[in-house]
Amino acid sequence: MPSSTSFSLVSKCMIFPDRKSDIKTLKLSVSDIPMLSCQYIQKGVLLTSPPYPFDDLVAFLKQSLSTALSHFPPLAGRLTTDPDGHLHITCNDAGVDFLVVKSPNLLVQNVLPPGTDVPDCVKGFFTFDRTLSYSGHSKPLVAVQVTELADGVFIGCSVNHAVTDGTSLWHFFNTFAEITKGALKISTTPDFCRDTVFNSQAVLKFPPGGPTVTFAADEPLRERILHFSREAILKLKYKANYGCLLTKQTNSELLGKICNDSWKSVNVETNGKVRNKNDEISSFQSLCAHLWRSVTRARKLEPTKTTTFRMAVNCRHRLDPKLNPYYFGNAIQSIPTYAEAGELLAKDLSWAADLLHRNVVAHDDGTVRRGIADWEMQPRLFPLGNADGASITMGSSPRFPMYNNDFGWGRPLAVRSGRANKFDGKISAFPGREGDGGVDLEVVLAPETMSAVENDPEFMQYVSEMV
């Protein structure tokens with residue numbers, strides 16, 4: 001890392017959609033409103049230098065962003081609260097921020113140092129740092145920052161979390177990239193329908209000035225990217241599904257049967273009988289259970305202390321009838337799974353994985369609707385954080401098409417996030433760059449907890465790389 005990493009703001013302007021919005025307003029839903037106390041999502045991609053001058057890239061990005069906004073007009077709007085207390089996105093074409101920044105001493109290898117923490121320079125790739133989503137009443141709902149490095153480019157996007165979840169964010173990011181690459185027609189169109197179960201007349205009242213962040217934003221933290229190969233994850237899946245069974249088959253034979261695609265459920269043959277896919281613990285649930293046990297062990301909690309593993313789930317396909325997969329906005333709910341620390345560590349991986357699995361499978365149409373009804377009875381903000389020191393919150397998804405963001409000269413070298421919404425126990429799952437089922441976990445922990453995890457051989461034996 002250069003002794004002094006400097007970021008110089010070259011320019012800042014507003015980008016407007018290249019055609020006027022035909023949508024007047026979108027009402028914030030039961031899934032949107034709780035996110036108003038969350039900070040803007042900050043996600044971006046690291047790329048090699050383009051095969052043409054950087055100034056030309058800036059011009060291309062400005063034009064393609066303008067076009068992308070015309071397909072996503074709410075992102076160019078602002079939040080408004082009507083006299084009855086209902087919140088809306090006013091699609092008034094007010095525009096988004098676009099910043100050009102240079103860091104001539106920073107190399108790609110400085111951004112991706114092997115075997116160490118995520119460097120602080122990554123935070124410099126994003127704007128709207130620590131900005132709450134409620135601020136969208138006066139601030140743009142999106143800010144794009146393009147940073148020129150000595151040998152690369154970082155394109156960072158900060159998006160209001162009350163306006164999009166991860167699914168919608170990456171849909172917009174992918175569209176932005178494909179237009180820059182030269183697409184004349186976008187691959188998939190967002191669905192702005194608000195005639196859904198998430199639409200509600202319930203009102204959440206805010207104090208003057210709006211909400212405050214729900215977690216300690218200045219606590220000391222360490223952040224690492226841990227890579228799990230497809231093979232390592234399939235071993236965990238085998239262990240979770242068959243940990244209590246004796247078999248004469250070799251691991252490799254079983255791994256071949258378990259999954260040809262580590263993120264899709266398949267029927268698994270056990271002693272001549274085919275198990276239903278809903279009985280099978282998934283690769284991701286197995287990986288989550290592995291992490292949950294290691295972090296709990298590292299925290300040295302009292303045996304009777306209740307630990308929580310909280311997973312954000314996409315509800316689009318869980319509802320009946322299903323929402324459009326490209327429904328724009330938040331369509332997520334949080335699934336908490338509880339266990340006493342002592343029991344979690346005394347039992348094996350399969351026990352923890354089964355707890356997570358049962359909760360995820362049970363989160364069906366009825367569960368989603370009950371969650372909505374519960375919120376309507378008591379409207380509240382999402383309590384992001386780790387107040388009891390015994391929680392883990394898993395966000396993002398290895399299913400998100402993060403590495404599809406080819407702006408015209410190749411896939412990203414890496415995906416990174418900013419400072420936003422990070423606290424002890426916040427984990428984000430990214431797909432591995434190879435696209436073969438590997439996963440990168442962005443792990444944020446208290447320093448002493450991170451050190452203990454790094455020195456946990458039971459956990460680290462499955463980590464392929466610490467990038």
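In this chain, residues are counted from 1 in sequence order.
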Has the side chain of [X] got a donor or acceptor atom that lies under 3.5 Å from a matching backbone atom of [Y]?
X: Asn330; Y: Ile332; result: no
X: Asn160; Y: Ser133; result: yes
X: Asp436; Y: Gly438; result: yes
X: Asn92; Y: Ala94; result: yes
X: Ser64; Y: Leu61; result: yes
X: Arg194; Y: Lys27; result: yes
X: Gln42; Y: Ala420; result: yes
X: Ser49; Y: Gly152; result: yes
X: Asn386; Y: Ala390; result: yes
X: Thr308; Y: Pro336; result: no

For [X], which residues count as a side-chain hydrogen bond (donor to acceptor under 3.5 Å, both in side chains) partner, sequence neighbours excluded?
X: Thr164; value: none
X: Lys62; value: none
X: Arg318; value: none
X: Asn404; value: none

What I'd like to find out is whether the side chain of [X] reaches to under 4.5 Å of the side chain of [Y], using heavy atoms alone.
X: Val45; Y: Met402; result: no
X: Asn405; Y: Pro412; result: yes
X: Thr48; Y: Asp151; result: no
X: Thr307; Y: Ser391; result: no
X: Leu149; Y: Leu107; result: no
X: Thr180; Y: Glu178; result: no

Qualifying residues under ring-ring contact (aromatic ring centres under 6.0 Å, His included), relative to [X], sequence neighbours excluded:
X: His161; value: none
X: Phe382; value: none
X: Phe154; value: Phe125, Phe126
X: Tyr52; value: Phe60

[atom1]-[atom2] distance between [X] and [Y], expressed to the nearest 0.5 angstrom:
X: Cys157; Y: Phe128; atom1: SG; atom2: CZ; value: 10.5 Å
X: Asn174; Y: Ile186; atom1: CG; atom2: CD1; value: 11.0 Å
X: Ile225; Y: Ser417; atom1: CD1; atom2: OG; value: 7.0 Å

Item to check | Residue pair Gln285, Ser283: steps toward the side-chain hydrogen bond (donor to acceptor under 3.5 Å, both in side chains) verdict | outcome: CA-CA 6 Å; Gln285 292 155 9; Ser283 302; over 6 Å; no
Checklist entry - For the residue pair Phe176 and Phe172, does the interplanar ring angle fall in the parallel (under 30°), tilted (30 to 60°) or perpendicular (over 60°) class? => result parallel
Next on the checklist: Can you classify the ring geometry of Phe309 versus Trp292 as parallel (below 30°), tilted (30 to 60°) or perpendicular (above 60°)?
Outcome noted: tilted
Residues 206-221, side-chain donor-acceptor partners within the protein, below 3.5 Å, at least two apart:
unit_1: Thr214; atom_1: OG1; unit_2: Leu384; atom_2: N; d: 3.1
unit_1: Thr214; atom_1: OG1; unit_2: Leu384; atom_2: O; d: 2.6
unit_1: Asp218; atom_1: OD1; unit_2: Arg130; atom_2: NH1; d: 2.7
unit_1: Glu219; atom_1: OE2; unit_2: Asp424; atom_2: N; d: 3.1

Item to check | Identified side-chain contact (heavy atoms from CB on, under 4.5 Å) counterpart of Phe198 within the set Leu28, Leu319, Ile33 | outcome: Leu319
Item to check | Residue pairs fulfilling side-chain hydrogen bond (donor to acceptor under 3.5 Å, both in side chains) with at least one residue in residues 77-89, sequence neighbours excluded | outcome: Thr80-Thr90, Thr81-His137, Asp82-His88
Do [X] and [Y] have side-chain N/O donor and acceptor atoms under 3.5 Å apart?
X: Asn199; Y: Thr196; answer: no
X: Thr449; Y: Arg299; answer: no
X: Thr337; Y: Asn359; answer: yes

Next on the checklist: Whether Asp406 and Arg411 form a salt bridge (side-chain N of Lys/Arg under 4.0 Å from carboxylate O of Asp/Glu) is what I want to check.
Outcome noted: no
Checklist entry - What residues, two or more places apart in sequence or in another chain, satisfy salt bridge (Lys or Arg N to Asp or Glu O under 4.0 Å) together with Asp388? => result none
Item to check | All salt bridge (Lys or Arg N to Asp or Glu O under 4.0 Å) counterparts of Lys123, not counting sequence neighbours | outcome: Asp120
Item to check | CA sep, side-chain torsions, deciding dist, call: His171, Phe72, ring-ring contact (aromatic ring centres under 6.0 Å, His included) | outcome: CA-CA 10 Å; His171 185 195; Phe72 291 80; 5.1 Å; yes
Next on the checklist: Among Lys422, Arg224, Lys426, which residue satisfies the salt bridge (Lys or Arg N to Asp or Glu O under 4.0 Å) criterion with Glu442?
Outcome noted: Lys422
Item to check | Stepwise salt bridge (charged side-chain N to carboxylate O under 4.0 Å, His left out) test for Arg316 and Asp165 | outcome: CA-CA 12 Å; Arg316 290 168 176 81; Asp165 58 11; 2.9 Å; yes
Next on the checklist: Assess the residue pair Asp374 and Arg370 against the criterion (salt bridge (charged side-chain N to carboxylate O under 4.0 Å, His left out)); give the C-alpha distance rounded to whole Å, side-chain angles, the decisive distance to 0.1 Å, and a yes or no.
Outcome noted: CA-CA 6 Å; Asp374 177 68; Arg370 284 191 295 274; over 6 Å; no
Checklist entry - Does the salt bridge (charged side-chain N to carboxylate O under 4.0 Å, His left out) test come out yes or no for Asp93 and Lys20, once each step is laid out? => result CA-CA 7 Å; Asp93 303 316; Lys20 289 190 175 182; over 6 Å; no
